[in-house]
Every structure is written in structure tokens, then in C-alpha cells.
Number of protein chains: 2
Amino acid sequence: MGEFELISRYFAAAPCAQAGDGVALGIGDDCALLALAPGEQLAVSTDTLVSGVHFPAVPDPFLLGQRSLAVAVSDLAAMGAQPLGFTLALTLPDFSAQWLGRYAEGLQQMAQRCAIRLVGGDTTRGPLSLTLTVLGKVPGGQALTRGGARPGELFCVGGVLGEAAGALPFVLGERSERSAAPGVAGPLLAHYWAPQPQLALGQALRGRASAAIDISDGLLADAGHIAEASGVAVHIERSRLPLSDALVAFAGEQGAFDAALAGGDDYVLAFSLPAQHVQALQLAGQPVHVIGQVHAGHGVTLLSDDGRDITPAKRGYQHFRGPM
Amino acid sequence: MGEFELISRYFAAAPCAQAGDGVALGIGDDCALLALAPGEQLAVSTDTLVSGVHFPAVPDPFLLGQRSLAVAVSDLAAMGAQPLGFTLALTLPDFSAQWLGRYAEGLQQMAQRCAIRLVGGDTTRGPLSLTLTVLGKVPGGQALTRGGARPGELFCVGGVLGEAAGALPFVLGERSERSAAPGVAGPLLAHYWAPQPQLALGQALRGRASAAIDISDGLLADAGHIAEASGVAVHIERSRLPLSDALVAFAGEQGAFDAALAGGDDYVLAFSLPAQHVQALQLAGQPVHVIGQVHAGHGVTLLSDDGRDITPAKRGYQHFRGPM
């Protein structure tokens, strides 16, 4: 048995790789088999993470295991889908039992949290890269797309913004965790390495929100995707952006706003919602933060406290990006 | 718009990337949405091809487009599934419109032949590698697994064997196509670069074959997977192996047998079949070649014309393998 067959068996033994709950046949045959209830649709999304491009070269593989799955599952949350299973294509330069063990532990932890099962994959030798394909189910016709926002609705996000971007100086090694005030680096790094896909929120938004996306490229960019797909304008009020005290303390108020607006990797949901649904969702414990409104028109506009257009010119994102 | 966003749009414009036929929502949102009929199950499989490991560094990207999809879809054929959609995770060192154009043409050609739609993916910068996840549908409980073969059944393959392995000297550049007799290299190379997933055969085998696999690692290795998963022995008669005249002419009789037994990349189906189904399938035009029988016991045994055990010691495969 080759090293890479050993690896496959290693993953096949993980608790999250066992069949059940919609997985009729798991790892080990030519295909896995998943079952849907009548009327359900399948949601599918693929994400690739390349070492040196999407993450630093040598993180703790446990963190990478968590993050690689969370980033992919977040797309299911954005559709209002319930996770079913995922495949993992793992390309590794060499066999390291320690690396794989830690990676699989992180993967297992996030899989358990998201109630998703590993149903197949491929392990190959090559430059380190990870491709995860996630599969979920959603009642037919109820999936949340980017294209349904209508003028008059509220524009909302599902949580505080900018934490992951705030963590970048630590992630990149530009600052040491010790150089920050006590208790600052940890929470920010947790948002970067272990984002929590907002699955419950996404499912609660079905039949209520008119459009949704998960924020991976930054609020302005992703709100722009909703605006473009829906053919509407999104106005965001700067004073309503939910920021954490930790981020403001670390990055200053301006830095925190910048991270919230243009920082990527938040993986909270952004969505348009008719006003009558806000209170019921909040009372049900869902994190709904109203940050603006949908109007006729196009594009995303950021408004100051006194209603001036203060939209920054740069709307790009600040993912980790290597030298390539 | 960045280069890689351009690439995504490039693929999104391909005919195979348009919604329809079970694809309720295609490329462009957080997830694609697929529909199944009540009672159908979803079959899913993931394959990765890494440059320098699974294919030579600089093939014609058109060929790579064909082959990368065919290899993945073959797993659907082996389950008796009907293709629905696939995702493509494409990692590229740089942007080359010519490379992408040719790759997309090859992909489109194979997608059309297999009636499968591109429903999503991810394009990233990094060392060249391709991960395809294929999705298909199969009536609940009718999927062909590796685990159902029973003693007394016939063991069959769906076509001639060894062609792809026979092409390896040309693929690897160890021999020039001109050095072979006229008309020899072309057919062999076609089997390597454009294997035809046996989708119609796989679907015809539903309810008839008791176990199936597609031959990617070589007949002996893959028959071994059926034997192991089913808890049976598979006996193969050397004289019944279907070989092409072209392969025998090029590689000699012994070389042709070696390629047929241990050569990988054939992507024809191997399956166990109760004898009463053979004739009906053949009369329906399905390529069913009986090459042996299933017995109680374990493992794979190769038998000579006079019934001696001539099983070769080496059962490995001869994929292209780079220096890593």
C-alpha cells in the first residue's frame, strides 16, 4: 500500500467520513451516493486554497483544516442550504504523518460543527493545494441567490466585520501576538483561522431574505455583487457597521472601518431583507444587523453620519496574497 | 476585472456552462443548484490531475481538457449514473489566453459528448493542477458498487484493453509517432488522451451487473478491488482478453498482454454479470466481453489456455508518473 493510499485510509477513518444522514454510500467506491428528499435541490460549490497564495506557507495544519472547510461551507450558508457532504482533493509535496494528523483533526472539528460528512476525494503528490467541493440541500425554489434584492428593503449583515482582516498582520508575521495588547490577537486570529459559516442564519433567511452572499472579498465588493446581480443600488451607512471593540482598540477607528469595508475573509452573510422580517429574526436569536438600504439604481454607496457619499475609491480585498 | 475573473467568465460562456436539464442554477452565484427526480440519488466523485505527476508538463491543452473530464466522468459510468454537472478547480501559474482557449475547447467537446454541464469552480494562481468534481444521478438503490459480485457470475470488460498504456512511449516522448508503423500511434494516443466514459454501458448494467468499476489502475488491480470489496475470487482467462490488432502489432503479443493486465488509464468498465444477461446486453449493442468468472475465495488469478495459474507478481499500474 502506497503512502497516498494510507492517507486516504487515514481520512476514511475520521468520524466525519462515516455514512448516514443523507449519505447512502461514503468513501471507498467509484462515487459516493447522497439522498435528497422529494422536492429538495442540491447546492454545490468548489473552493481551492493554494499554499503561498491563499494562506501562508507553514500554518498549523489544524488551523488550515478548520479554515479550508469553513470557507467552502460558507457558500452553502449563503444559499440557505443545509450541509450534506464534501469531497477533499489534497495535493501534498510529501507524506508527513504529523501534518496530516493535525490537518485531519482541524477538518474533523469543523465538519462536526457544520454537520457535514467527508464523502470522497483524491490525494495526490504535488505542490500543496486543497480543493473542497461542498454539497448541501435546500427546499426547491427556496435557495437564496444574489439576484433578488428589491428597492425599499433593508441591507443587513450577520455579524461584526473586519476581524479576519484585522488578524492579517499576525497571520503574515508582520506583528507578533505579544506586541498587541493582551487579549487582542486571539479573537482576531480566531476569526481568520476558524470562521463560523452562518448556516443557521442562512436557513432562517429562506423565504425571508431576497438576496444573500457570504462576505469573502470584503463588504463593499460583495454588496456590489448583490447590487449587480439584482440590478439595484445598495446604500450602506458607515455608522451602522458592526465593529468589535477588540478591532477598534487594535487598529484604531479608521483602520477598523477600512477592515470592515474592504477586508476579506469575514465569512458572515450579507443580505437584503424586507423590514417586516427583522424583528422576528432577531427575537429568534439570529444575528441581523441592519447597515443600510436597497434603492433603485446601481452600485454600492457608503454614506457618512450626515448623509454624504464617502465611498472609498478602492473596493478591493485584502486576502493574504503571496508573491506570485 | 482581474485576469482570473476573466478566466471564470471565459468558462462561463462555454455552451456546456449554460443551465438546463437538471441544472436549475449554473455558474455565477455562491452555489449551483441541481434538481433530482424523486427517488433518485446523487453520485459524486472528485479527481485531481497534477502537471508532471499525472500528465506530461506541456501537452496540447485541448487534449488535457478532454482527458481531465473523461477521467472524472468515468467514475459516474462505473456507478451506472447519468451525468448532471461538474465543477472545475483550475490552478494556473499564469494567464495564457491560448492555453485556456484550447483547454476550454477540449473540455467543451468532452462535456458535450458526455451530456454534462459545467456548474461552478474556482480559478486560482499556482502550480498547474486540475480538480474536477462530477455529479450524476442514479435511481435509488440501483447504483453499481464494487461490492456485489457473487460466485458463479461471469467477469466481463467493456472494451479492448491496454491501448492507453500502449500509447505511453509516445505520450512520454520516448518514441516518436513517426517511428511506429503508419496508423499505429494515432489510435493508441486517442485512447490515452480521449478515453470515452462508458456511460451507456454503465446505465445498461443497472439491475443486471452485480458489481462494477472503471479500469484506471489496470485490469488486475481493479479486478482486485471488486474481489476485495465483494469478498470473492476473480479468475481471468488470458486468452479471452480483448486486445486490438494495433496494440499487438506495435507492442508484440507479450507486450500487449502486459499492457492489458497492468496498464492503467483504460477507462473501460470491468463488471460481474449473471450469465443470463450477457446475450441481451450484447444484442442491445453493449460491448460486453466475458473474460472470466467469479468464484468463492479471494484475490485475482490469471489462467493460461490450459488452466495454469500464470498470475504475474507485479500488479501495479503504469500511469504516467513524473520524477516526484
Side-chain angles (χ1 to χ4, degrees), chain A residues 24-25 28-36 38-54 74-79 81 85 87-91 93 119-127 129 131 133-136 138 140-141 143-147 212-214 229 324, chain B residues 24-25 28-54 74-79 81 85 87-91 93 119-127 129 131 133-136 138 140 143-147 212-214 229 324:
Chain A
L25 182 69
D29 216 299
D30 295 303
C31 292
L33 295 172
L34 306 185
L36 296 179
E40 286 179 339
Q41 289 180 320
L42 183 92
V44 56
S45 175
T46 291
D47 281 286
T48 296
L49 300 177
V50 178
S51 175
V53 179
H54 299 91
S74 183
D75 282 317
L76 295 178
M79 299 298 282
T87 64
L88 168 67
L90 182 58
T91 301
V119 300
D122 199 358
T123 312
T124 54
R125 194 181 291 267
S129 114
T131 295
T133 299
V134 292
L135 305 162
V138 61
L144 306 169
T145 69
R146 302 174 179 181
I213 194 170
D214 64 320
M324 284 197 297
Chain B
L25 182 69
D29 217 299
D30 296 303
C31 292
L33 295 172
L34 305 185
L36 296 179
E40 285 180 340
Q41 289 180 320
L42 184 92
V44 56
S45 174
T46 291
D47 281 286
T48 296
L49 299 178
V50 179
S51 175
V53 180
H54 298 92
S74 183
D75 282 317
L76 295 178
M79 299 297 284
T87 64
L88 168 67
L90 183 58
T91 301
V119 299
D122 199 356
T123 312
T124 53
R125 194 181 289 268
S129 110
T131 295
T133 299
V134 292
L135 305 162
V138 61
L144 306 169
T145 68
R146 302 174 178 179
I213 195 170
D214 65 320
M324 283 197 298

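All values derive from a computational prediction rather than experimental measurement. Each chain gets a letter, A, B and so on, in the order the sequences are listed, and its residues count up from 1.
The CG atom of A:L90 sits 10.0 Å away from the OG1 atom of B:T131 when rounded to the nearest 0.5 Å. For the atom pair CG (A:L25) and CE (B:M79), the distance works out to 5.0 Å, reported to the nearest 0.5 Å. The CG atom of B:L42 sits 5.0 Å away from atom CG of A:L42, with the distance rounded to the nearest 0.5 Å.
For B:D75 (side chain) and A:C31 (main-chain N/O), no donor-acceptor pair under 3.5 Å exists by modelled atom type. With hydrogens and angles ignored, the 3.5 Å screen pairs no side-chain donor or acceptor of A:T46 with any backbone N or O of B:D122.
B:D30 and A:R146 make their closest contact through OD1-NH2, 2.9 Å (heavy atoms, listed as atom of the first residue, atom of the second, distance). Counting all heavy atoms, side chain and backbone alike, A:D29 lies closest to B:L144 at OD1-O, 4.5 Å.
Both the backbone and the side chain of A:L76 come within contact range of chain B, judged by heavy atoms closer than 4.5 Å. For chain B, no part of A:V134 is nearby; none of its heavy atoms comes within less than 4.5 Å. For A:A212, the part lying near chain B is the backbone, with the side chain staying farther off; criterion is any non-hydrogen pair under 4.5 Å.
You'll find the side chain of B:T133 stays beyond 4.5 Å of the side chain of A:V44, heavy atoms only.
Residue with the most contacts toward chain B among A:D214, A:L33, A:D47, A:T87: A:L33 (heavy-atom pairs, distance under 4.5 Å).
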